[in-house]
Amino acid sequence: MQCEMSFEVEQQDPGCAARAGRLKLAHGVVETPIFMPVGTQASVKALSQEDLRGIGAQIILGNAYHLYLRPGTETLEAAGGIHGFMGWDRPVLTDSGGFQVFSLSDLNKVRPEGVEFRSHLDGSRHFFTPEKAVDVQISIGSDIMMCFDECTSYPATRDMAGKSMRMTVDWAAKCKAQWIAREASSQALFGIVQGSVYEDLRQECAAALVDIDFPGYAIGGVSVGESKEEMVAAVEYTTPCLPVDKPRYLMGVGAPEDMLEAIERGVDMFDCVMPTRNARNGALFTSQGRVNIKNAKYARDFGPLDPSCTCPVCTTYTRAYLSHLYRAGEILALRLNTLHNLSFMLQLAADSRAAIQQGRFREFKKAFLAKYFS
RNA sequence: GGUGGAUUGCCCGAGUGGCUAAAGGGGACGGGCUGUAAACCCGUUGGCUAGCGCCUACGUUGGUUCGAAUCCAACAUCCACCA
């Protein structure tokens, strides 16, 4: 079976591992580096699909575990997949539910064959296997499916991390076999590198996954409590183990500065709930650093949120108005804040791409960080 | 005019002799959030002090008591019902 996805590195930055690429998926082309907004339940919280198109989102995430529980695969299949269901015609990447093995660990039990979940919605029991995770994602019809993995918690002893990683590799092989058996060639399948903060485990995992051979590779199990230094180190020693001609995706990252560190080390794709969640909680990203719009000092600040941002929020509203909307608990606060934070991350990825194409990513990054942390 | 009820910190509100600078909300102030069980969570919120601690506080004034937001009296204001 030949996967229909294709990836091309268009420009390699001469000063670092950063690269600009072009990822062709069933529902369109994604220009990398790219930030992918998270829409766990077939919805990027607070935004409509029109909003997402308006700010130039190229690809969004969905989550197999959550969509399996609700609305369920039968509904998604009847709708002809997630694209038609939610009215989004651009690419979608689905996480397999591997993260929920970590985040809902109190509600599940991990076994070598799979994970027994107790639904966080109604307590009902569900058994997720690698094969089932692929089946669910085929029902969803995402452009990129993720292997079912165990997102290793932190801290983990070397022994624990090794066992967890080897199980993830075993599951990856099963996911790949199921993907081939189902002949889902229009959907790509990415393997996920685990191994916690242990260099040799990360390298062993990457090698094993490359041996299985996937259309793309992800680095998972980061930003789960380890230090930023450890996270960056994990990226630094893992990316060289991944094929240069395949897309690399750093799962769950991140903050603006984290994304830049990873781009510099050769990562192409990112997703993170931070811009959307922080937006709903009043923390906004700007070129001059984080703005906590709840702070009293913004109540009568009639300037734009970020003077150098061209998003619809910054060109229309003032900090004072955003402050008021947040305090008043207005639903519009969630929407405008989310619109801005996502615009900011999408723009940061686009600017990074432009800098790489000019061969000056490191200068770009340095200038951004100097302003951001001033 | 009579009878009954009420008056607590910025607001609402619990407390009805010592464990009360006073529960719980709200508001205000600050912080956090990294493959979303998150429009959520955590701190602070009378004054002075680095701290021990001291001072001022539960409508007002006076009293009972070793001790009062809590008991008594008068007054003030508000509410309900009756004239």
Side-chain angles (χ1 to χ4, degrees), chain A residues 35-47 59-67 69-70 92-108 117-123 133 137 142 144-154 168 190 192-194 218-228 230-232 234-235 249-259 261-262 267 269-285 290 292-299 323 325-338 341 345:
Chain A
F35 179 81
M36 308 181 284
V38 179
T40 304
Q41 309 197 71
S43 166
V44 174
K45 295 185 193 300
L47 297 191
I59 173 171
I60 61 173
L61 256 69
N63 183 283
Y65 168 78
H66 286 279
L67 294 171
L69 289 180
R70 186 169 56 192
V92 170
L93 179 152
T94 42
D95 186 26
S96 60
F99 185 71
Q100 280 61 43
V101 178
F102 162 78
S103 64
L104 302 178
S105 59
D106 292 346
L107 294 173
N108 66 50
F117 280 98
R118 272 202 359 260
S119 163
H120 66 284
L121 299 174
D122 62 7
Q137 292 179 88
S142 47
I144 299 174
M145 306 187 286
M146 298 306 298
C147 282
F148 191 51
D149 66 329
E150 181 182 48
C151 180
T152 309
S153 59
Y154 180 90
T168 286
F190 282 23
I192 304 173
V193 179
Q194 291 289 343
I219 299 171
V222 295
S223 33
V224 287
E226 81 283 11
S227 68
K228 291 224 180 206
E230 287 176 305
M231 189 205 82
V232 171
V235 173
Y249 163 30
L250 183 59
M251 307 186 79
V253 174
E257 66 273 22
D258 296 338
M259 186 165 80
E261 294 297 343
V267 175
M269 305 162 67
F270 302 87
D271 80 282
C272 190
V273 304
M274 190 181 267
T276 42
R277 181 186 288 166
N278 280 15
R280 294 192 305 280
N281 295 329
L284 306 175
F285 298 130
R290 271 175 57 138
N292 194 338
I293 203 66
K294 296 179 272 195
N295 290 171
K297 61 183 171 183
Y298 300 120
S323 163
L325 290 177
Y326 189 86
R327 286 167 191 276
E330 281 294 335
I331 222 164
L332 184 58
L334 307 181
R335 176 158 170 264
L336 295 183
N337 291 350
T338 303
N341 269 2
M345 294 303 293

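- Residue-level contact check: A:N278 touches the bases, meaning some heavy atom is under 4.0 Å from a base atom.
- Among the protein residues, A:G221 comes within range of the nucleic acid bases, having at least one heavy atom under 4.0 Å from a base atom.
- In this structure, B:A50 forms no base pair with any nucleotide, since neither Watson-Crick nor G-U wobble geometry is met with both distances under 3.5 Å.
- Within the 4.0 angstrom heavy-atom criterion, base atoms lie near A:A283.
- No contact: A:L93 has no heavy atom under 4.0 Å from any strand.
- Remark: the backbone N or O of A:E226 is not paired with any side-chain donor or acceptor of A:E230 at under 3.5 angstrom.
- Contact annotation: A:R290 side-chain N/O to B:G31 OP1/OP2 distance is not under 4.0 Å.
- Base contact: A:Y326 has a heavy atom under 4.0 Å from a base atom.
- Here the nucleotide nearest the side chain of A:R280, chosen from B:G31, B:A39, B:A37, is B:A39.
- Smallest separation of non-hydrogen atoms from A:M345 and A:P256: SD-CG, 3.9 Å.
- Using P as the reference atom, B:U64 and B:U45 are 37 Å apart when rounded to the nearest Å.
- Contact check, A:S103 against B:A37: a side-chain N or O comes under 4.0 Å of OP1 or OP2.
- Nucleotides B:C75 and B:G24 have their P atoms positioned 38 Å apart, rounded to a whole Å.
- Nucleotides B:A69 and B:A22 place their C1' atoms 8 Å apart, quoted to the nearest Å.
- A:K45 places its NZ atom 6 Å from the P atom of B:A39, with the value rounded to the nearest Å.
- Scanning for salt bridge (charged side-chain N to carboxylate O under 4.0 Å, His left out) contacts around A:K228 gives A:E257, A:D258, with sequence neighbours left out.
- Between the P atoms of B:U70 and B:G62, the separation comes to 14 Å (whole Å).
- Distance, A:L334 CG to B:A39 P: 8 Å, rounded to whole Å.
- Nucleotides B:A76 and B:U60 are separated by 15 Å at their P atoms, to the nearest Å.
- The separation between A:L284 atom CG and B:G32 atom C1' is 14 Å, rounded to whole Å.
- Comparing the C1' positions of B:C78 and B:A23 gives an interatomic distance of 26 Å, to the nearest angstrom.
- Remark on RNA chain B: of its neighbouring residues A:I192 and A:Q41, the 5'-side contact belongs to A:I192, judged by nearest-heavy-atom nucleotide.
- Protein atom CG of A:D271 is 9 Å distant from nucleotide atom C1' of B:U34, rounded to whole Å.
- Of the P atoms belonging to B:U56 and B:U61, the separation is 13 Å, rounded to the nearest Å.
- If you find the closest nucleotide of RNA chain B to A:E330 and to A:G98, the one lying nearer the 5' end belongs to A:G98.
- In this structure, B:U45 and B:G27 make a Watson-Crick or G-U wobble pair, each of the two defining distances being under 3.5 angstrom.
- B:U70: no Watson-Crick or G-U partner with both key distances under 3.5 Å is found in any strand.
- The side chain of A:S223 places no N or O atom within less than 4.0 Å of a non-bridging phosphate oxygen (OP1 or OP2) of B:U34.
- The distance from atom CD1 of A:I293 to atom P of B:C33 is 18 Å, rounded to the nearest whole Å.
- At whole-Å resolution of the value, CE in A:M231 and C1' in B:U34 are 8 Å apart.
- A:Q100 has no side-chain polar atom (N or O) that falls below the 4.0 Å cut-off from OP1 or OP2 of B:G35.
- Judged purely by distance below 3.5 Å, without hydrogens or angles, the side chains of A:D271 and A:Y249 pair a donor atom with an acceptor atom.
- Looking only at distances, no side-chain donor or acceptor of A:T94 sits under 3.5 Å from a matching main-chain atom of A:S142.
- Within the 3.5 Å criterion, the main-chain N or O of A:D149 finds no donor-acceptor partner in the side chain of A:T168.
- B:G46 sits 16 Å from B:C58 when the P atoms are compared, rounded to a whole Å.
- Nearest nucleotide to the A:A255 side chain, out of B:U34, B:C40, B:G35: B:U34.
- Contact check, A:N63 against B:G35: no side-chain N or O comes under 4.0 Å of OP1 or OP2.
- With rounding to the nearest 0.5 Å, the separation of CG in A:N63 from CE in A:M146 is 11.5 Å.
- Shown here, B:U7 forms a base pair with B:A76; the pair counts as Watson-Crick or G-U wobble because both key distances fall under 3.5 Å.
- In this structure, A:K297 reaches neither bases nor backbone, as no heavy-atom distance under 4.0 Å exists between it and the strands shown.
- B:A38 is unpaired under the criterion used here, namely a Watson-Crick or G-U wobble arrangement in which both key atom distances are under 3.5 Å.
- Rounded to whole Å, the distance from CG on A:N341 to P on B:C33 is 13 Å.
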What are the atom names and distances for every N/O pair under 3.5 Å that joins the protein to nucleotides 26-29 of chain B?
unit_1: B:C29; atom_1: OP2; unit_2: A:R327; atom_2: NH1; d: 2.4
unit_1: B:C29; atom_1: OP2; unit_2: A:R327; atom_2: NH2; d: 3.3

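- The partner of B:U16, taking Watson-Crick or G-U wobble pairs whose two distances both stay under 3.5 Å, does not exist in any strand shown.
- Judged by distance alone, the side chain of A:K294 and the main-chain N or O of A:N281 form a donor-acceptor pair under 3.5 Å.
- Below 30°, between 30° and 60°, or above 60°: for A:Y65 and A:F117 the angle between ring planes is between 30° and 60°, a tilted geometry.
- Residue A:D149 places its side chain closer to B:G35 than to any other of B:G35, B:A39, B:G31.
- Residues A:C272 and A:G252 share a closest heavy-atom pair of SG-O, 3.5 Å.
- In this structure, A:N337 places its CG atom 15 Å from C1' of B:A38, rounding to the nearest Å.
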